[in-house]
Amino acid sequence: MTQKIVPVIMAGGRGTRLWPLSRAAAPKQFIRFIGDKTLFQKTLSRVSDPALYEAPIVLTNEEFRFLVAEQARELGIGLAAILLEPIARNTAAAVAAAAALVRDRFDENTIMHVLGSDNEIVAENAYFDCVRIAAATASEGRLVTFGIQPTEPATGYGYIEGGEPLATGARVVARFIEKPLLADAEEMLAAGGFYWNSGMFMFSVRCLLDELRTYAPETIKAAGEAVANGKTDLDFTRLDKVAFAAAPNISIDYAIMEKTSNAAVVPSPFRWSDLGSWDSVWKSGTRDEHGNVAAANTTVVNTRNSLIMTHGVHLAVQGVDDIAVIASEDAVYVGRLEDSQDVGNIVKMLAAAASTSQLTETHPTSYRPWGGYTSVLNGDRFQVKRIFVTPGKKLSLQKHHHRSEHWIVVKGTAEVTIGENVQMLRENESVYIPLGETHRLANPGKILLELIEVQTGSYLGEDDIIRIVDEFGRS
């Protein structure tokens with residue numbers, strides 16, 4: 001195969017099924033569960049072979065745009081484009097918009113590989129064999145999906161029945177099956193020839209657009225206009241909101257894959273999980289001799305078949321079996337692994353109460369295009385934060401109407417602008433920014449800048465920021 005593939009990565013989903021680590025503003029694709037990469041970064045790594053792939057296109061939303069850019073930068077992987085969806089419209093409109101962009105930048109014969117950013121996949125030889133089979137099948141005019149070889153009668157996935165074999169190694173799709181009852185899933189597993197629907201696709205731009213014109217004309221019209229009327233903003237392409245909002249809210253499966261006569265499935269034996277619950281995280285993890293999956297910073301004693309994870313505090317677990325213990329910076333979840341599908345009910349209860357709703361939305365640590373901050377302590381008329389700034393980055397030139405700030409540098413070198421004065425601060429040095437004074441913080445060094453910020457005043461909300469100059473285009 002000489003033609004390279006353009007990967008299109010879907011990274012805009014929000015969700016809290018893996019609470020307390022996953023939150024609405026910090027969904028699972030951007031979380032490090034076990035290991036040093038997030039699921040999004042693992043997805044980027046799978047499409048980083050320059051002999052096989054062009055630079056990826058990522059679809060996300062306004063809220064996650066800097067997370068996408070920063071996590072790609074951490075890996076040193078360049079992105080062809082970051083498409084920002086102005087409103088949620090499911091996968092059909094998103095894929096159609098990506099296809100319009102690929103057509104404009106390449107041509108209609110280009111092969112697209114559409115994949116989610118929130119799956120756990122073991123990308124060994126079997127995986128790339130399937131990618132090559134899919135590409136060869138797509139080159140012959142098929143719309144290809146990857147069907148995961150089932151390992152159990154799971155009822156949480158849709159299924160695909162494979163039909164007659166094709167010369168490439170794929171099979172014609174006989175039918176798509178909604179999430180089945182357990183008895184039906186057991187019957188399909190015993191019969192063979194049925195696969196879990198992975199939500200990954202491969203097709204040429206030409207074939208996709210032809211099928212969209214036939215089965216989803218409103219979608220292709222809206223997506224094409226959204227791209228044509230889109231605006232470039234720094235490294236981002238903002239799809240036109242009015243045009244994109246006109247697209248039906250429908251998945252690519254319902255829009256065309258279940259209707260077309262050109263669908264094919266690649267039987268895929270590689271390890272795959274959608275990580276939709278804590279028990280699926282346990283199943284996909286590397287278990288010790290007692291059946292436990294335990295992250296770093298944990299101590300596990302006399303415990304079996306359990307998932308132990310923590311982000312922050314050291315977690316010690318003793319004398320329990322078959323449970324999930326998950327600790328974030330500000331919350332802990334404990335429950336039976338078999339009940340972990342029901343975490344959503346707890347999240348709804350937390351979201352309904354004013355005192356706990358924030359626990360479902362954000363983490364104490366928030367990420368920004370320049371670095372981020374962690375809320376350390378909140379009180380009446382004061383707040384303490386840890387601020388970290390990436391080398392070479394700077395915050396906006398700004399001022400506040402209701403608070404003053406004290407900055408103490410604990411690591412690295414800070415370039416501080418206060419009014420007309422610019423000064424350098426090093427470790428153990430501090431500075432005071434009066435209420436209403438124009439100021440800016442920058443990291444001119446080569447290591448991460450860390451400082452402690454103490455805010456005092458009558459109002460300490462994040463919306464009390466008046467940006468005067470901002471290199472990231474924020475108002």
Side-chain angles (χ1 to χ4, degrees), residues 1-12 43 47 49-60 79-85 89-117 130-146 166 168 170 173 198-230 237 239-240 243-244 247-248 250-266:
M1 185 180 66
T2 57
Q3 182 185 17
K4 291 187 191 179
I5 303 164
V6 176
V8 175
I9 300 173
M10 316 294 282
T43 306
V47 298
D49 182 356
L52 185 60
Y53 287 107
E54 300 282 358
I57 294 171
V58 178
L59 287 109
T60 189
L79 303 178
I82 301 175
L83 282 181
L84 300 182
E85 299 173 89
R89 276 295 177 265
N90 216 312
T91 55
V95 172
L101 185 68
V102 173
R103 177 195 57 199
D104 293 345
R105 294 194 178 187
F106 296 91
D107 58 57
E108 286 199 343
N109 295 316
T110 302
I111 301 296
M112 294 170 51
H113 184 185
V114 177
L115 57 166
S117 59
C130 292
V131 168
R132 292 181 177 89
I133 291 171
T137 308
S139 297
E140 295 186 354
R142 295 281 183 174
L143 284 77
V144 184
T145 184
F146 292 74
L166 298 170
T168 58
V173 170
S198 70
M200 293 192 296
F201 305 96
M202 191 93 75
F203 30 62
S204 73
V205 173
R206 182 189 302 277
C207 291
L208 173 66
L209 295 181
D210 284 347
E211 298 300 272
L212 285 168
R213 291 186 188 101
T214 300
Y215 298 111
E218 293 179 349
T219 297
I220 190 173
K221 181 177 183 295
E225 291 177 357
V227 172
N229 299 329
T237 299
L239 297 173
D240 181 76
F244 198 73
I250 189 172
S251 71
I252 194 70
D253 297 84
Y254 287 122
I256 60 171
M257 294 302 294
E258 296 183 8
K259 299 173 182 177
T260 180
S261 59
N262 291 323
V265 58
V266 176

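The structure presented is a predicted model; accordingly, all values stated were derived computationally and were not measured.
- In this structure, the side chain of Thr91 does not engage the main chain of Ile250 through any donor-acceptor pair within 3.5 Å.
- In terms of heavy-atom proximity, Ile5 sits nearest to Met202 at CG2-SD, 3.9 Å.
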* To do: Verify side chain to side chain contact (heavy atoms under 4.5 Å, CB included) between Glu258 and Tyr215, making sure each step is shown before the conclusion.
  => CA-CA 10 Å; Glu258 296 183 8; Tyr215 298 111; over 6 Å; no
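- Across all their heavy atoms, Phe203 and Ala138 have their closest contact at CA-CB, 3.8 Å.
- Met10 and Ala94 make their closest contact through CE-CB, 3.3 Å (heavy atoms, listed as atom of the first residue, atom of the second, distance).
- Across every non-hydrogen atom of Gly116 and Thr43, the tightest pair is O-CG2, 3.6 Å.
- Listed by chain and residue number, Ile111, Arg206, Cys207 satisfy the side-chain contact (heavy atoms from CB on, under 4.5 Å) test with Ser204 (two or more places apart in sequence, or in another chain).
- Arg142 is listed as a side-chain neighbour of Leu166, based on a closest heavy-atom distance under 4.5 Å.
- Remark: Asp49 engages no residue in a side-chain hydrogen bond (donor to acceptor under 3.5 Å, both in side chains) (not counting sequence neighbours).
- Two residues are said to be in side-chain contact when any heavy atoms from C-beta on lie closer than 4.5 Å; Val205 and Val6 fail this criterion.
- Taking each heavy atom of Ile9 and Pro56 in turn, the nearest pair found is CD1-CB, 4.1 Å.
- Within a 6.0 Å sphere centred on OH of Tyr53, other residues, nucleotides and ligands contribute more than 12 heavy atoms.
- Side-chain contact between Glu225 and Asp240: absent, with no pair of heavy atoms (C-beta onward) separated by less than 4.5 Å.
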* To do: Quick one: do Ile133 and Thr137 satisfy side chain to side chain contact (heavy atoms under 4.5 Å, CB included)? Show the steps, please.
  => CA-CA 6 Å; Ile133 291 171; Thr137 308; 4.1 Å; yes
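- Remark: the backbone N or O of Ala247 is paired with a side-chain donor or acceptor of Arg89 at under 3.5 angstrom.
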* To do: Would you please test Phe201 and Met112 for side chain to side chain contact (heavy atoms under 4.5 Å, CB included) and show each step?
  => CA-CA 8 Å; Phe201 305 96; Met112 294 170 51; over 6 Å; no
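- Heavy atoms only, all atoms of each residue included: Arg103 and Leu209 are closest at NH1-CD1, 3.8 Å.
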* To do: Check step by step if side chain to side chain contact (heavy atoms under 4.5 Å, CB included) holds for Leu208 and Ile256.
  => CA-CA 9 Å; Leu208 173 66; Ile256 60 171; 3.4 Å; yes
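- Atom CG in Leu84 sits 7.0 Å away from atom OG1 in Thr60 (nearest 0.5 Å).
- Put simply, the side chain of Val95 does not reach to within 4.5 Å of the side chain of Val8, judged on heavy atoms.
- Asp107 places a side-chain N or O within donor-acceptor distance of the main-chain N or O of Thr110, the cut-off being under 3.5 Å.
- Between the CZ atom of Arg213 and the OG1 atom of Thr219 there is a distance of 13.0 Å, given to the nearest 0.5 Å.
- For the atom pair CD (Glu108) and CG (Asp210), the distance works out to 7.0 Å, reported to the nearest 0.5 Å.
- Between Val227 and Leu239 the shortest side-chain heavy-atom distance falls below 4.5 Å.
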